[in-house]
Amino acid sequence: MMTVSSASAPFQYQSNCTLSEIAMRLRSAKRVLITTHSKPDGDAIGSVLAVLRLCRAVGVAAEGWIVGPFEENLLEVVGSDTVVRVDPKCPKFPEDEFDLVVVVDTGAWSQVELLAPLIRARHALVVNLDHHARGDELASARVVDVTCGSCTALLVRLADELKVDLNFGADASGRYSLAEALYVGLATDTGWFRFANARASEFALAARLLKAGVLKDELYARLEQCHRVERVLLESRALSSLRTIASGSVALMQLSKEDFETTGGLPEELAGVVNIPLMASVLRASVLLVEQDGVVKVSFRSKPAVASRRCIDVNQIAATFGGGGHVHAAGARIRASLAEAAIQIERALDDALHQSSL
Ligand SMILES: [Mn+2]
């Protein structure tokens with residue numbers, strides 16, 4: 001027999017308080033810890049910086065903690081704010097206690113990883129500000145608005161609640177303002193206003209931030225046009241190695257140790273290169289093989305499903321090589337030569353596509 005209890009109603013990831021209540025808790029805090037999802041992107045870092053600057057504006061001590069690797073160009077916008085990179089091998093928890101923990105741009109236990117025990121132990125002190133549809137009960141107070149194009153779009157409303165001028169914090173050159181941090185999140189989460197989530201409301205918000213002094217062209221150059229020429233040369237090598245596999249539906253690129261030596265490019269500069277072939281409509285996935293000492297590092301990316309075709313689950317393919325990740329982004333390592341690894345990848349993709357008749 002099954003009993004149904006009303007007490008076990010499924011958790012709903014929705015707002016359970018107002019932004020003005022969050023604003024009040026921020027104002028009355030003494031020391032605030034702000035954190036976000038691991039491997040933070042532009043919106044995550046922009047959101048952490050925005051809350052840091054709001055705390056500074058209302059005279060509350062705060063520090064931001066970030067976990068995992070991120071694109072180093074994002075350091076450009078940190079300025080003088082206290083952002084601590086938590087060492088994943090030896091997370092050092094604070095000796096002094098925080099009386100408020102703010103989690104931004106995520107509400108999922110799986111995304112806060114390393115800091116989960118710290119957050120779990122302080123449940124009553126944790127507030128969560130997010131714009132994602134799914135999350136967990138990691139905070140006692142939560143504002144979730146999925147209509148916001150970025151988490152920073154939600155934080156603009158928090159700034160208004162706190163009556164903080166958006167130009168707050170700007171240095172003599174106009175950089176490092178609250179508005180700049182908010183704009184970084186908005187611009188990067190909307191693909192610099194190209195994606196479907198860049199709607200009239202996001203453009204209106206962008207206009208407000210520009211009026212508050214954001215130097216958009218300079219900011220774009222600092223964040224997106226900041227690479228070394230060696231990185232571009234390496235990219236050209238990867239692209240010139242491109243061939244299609246799996247009946248022409250997947251791109252395969254490879255970089256040898258010689259490619260790195262000749263161009264002077266570095267493995268850590270490869271972010272984004274694997275995505276480039278996805279600009280071709282017929283290509284459903286892209287694979288980049290990178291030769292390292294005795295091992296070939298493999299990166300997989302795939303496009304989301306559309307009406308006429310399912311997506312290629314690259315997580316599953318990476319798993320056959322002992323790797324993993326997500327449906328659309330995964331990685332693995334293969335102990336083989338570059339040529340042998342390419343053969344194995346080609347075979348694995350052929351098998352996967354035949355088995356699932358995708
Ligand atoms: Mn976001």
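Just so you know, ligand 1 is whichever comes first in the structure, and atom 1 is the first atom listed for that ligand.
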Determine, for E161 against R157, whether the closest basic-nitrogen to carboxylate-oxygen distance falls under 4.0 angstrom.
no
Under-4.0 Å salt bridge between E137 and R120:
no
Ring-face cation of R31 near F98 (centre distance under 6.0 Å, axis angle within 45°):
yes
Distance to the ring centre below 6.0 angstrom and angle to the axis at most 45 degrees; does that hold for R142 and F11?
no
Mind listing the protein N/O/S atoms less than 2.8 Å away from the Mn ion (ligand 1)? Waters don't count.
D43 OD2, D105 OD1, H131 NE2, D189 OD2
Give the ring-plane orientation class for W192 versus Y220, where under 30° counts as parallel, over 60° as perpendicular and anything between as tilted.
perpendicular
Please table the atom pairs, donor to acceptor, closer than 3.5 Å between any side-chain atom in residues 286-298 and protein atoms at least two apart or in another chain.
from	atom 1	to	atom 2	distance (Å)
S286	OG	V274	O	2.7
E291	OE1	K257	N	2.9
D293	OD1	K257	NZ	2.6

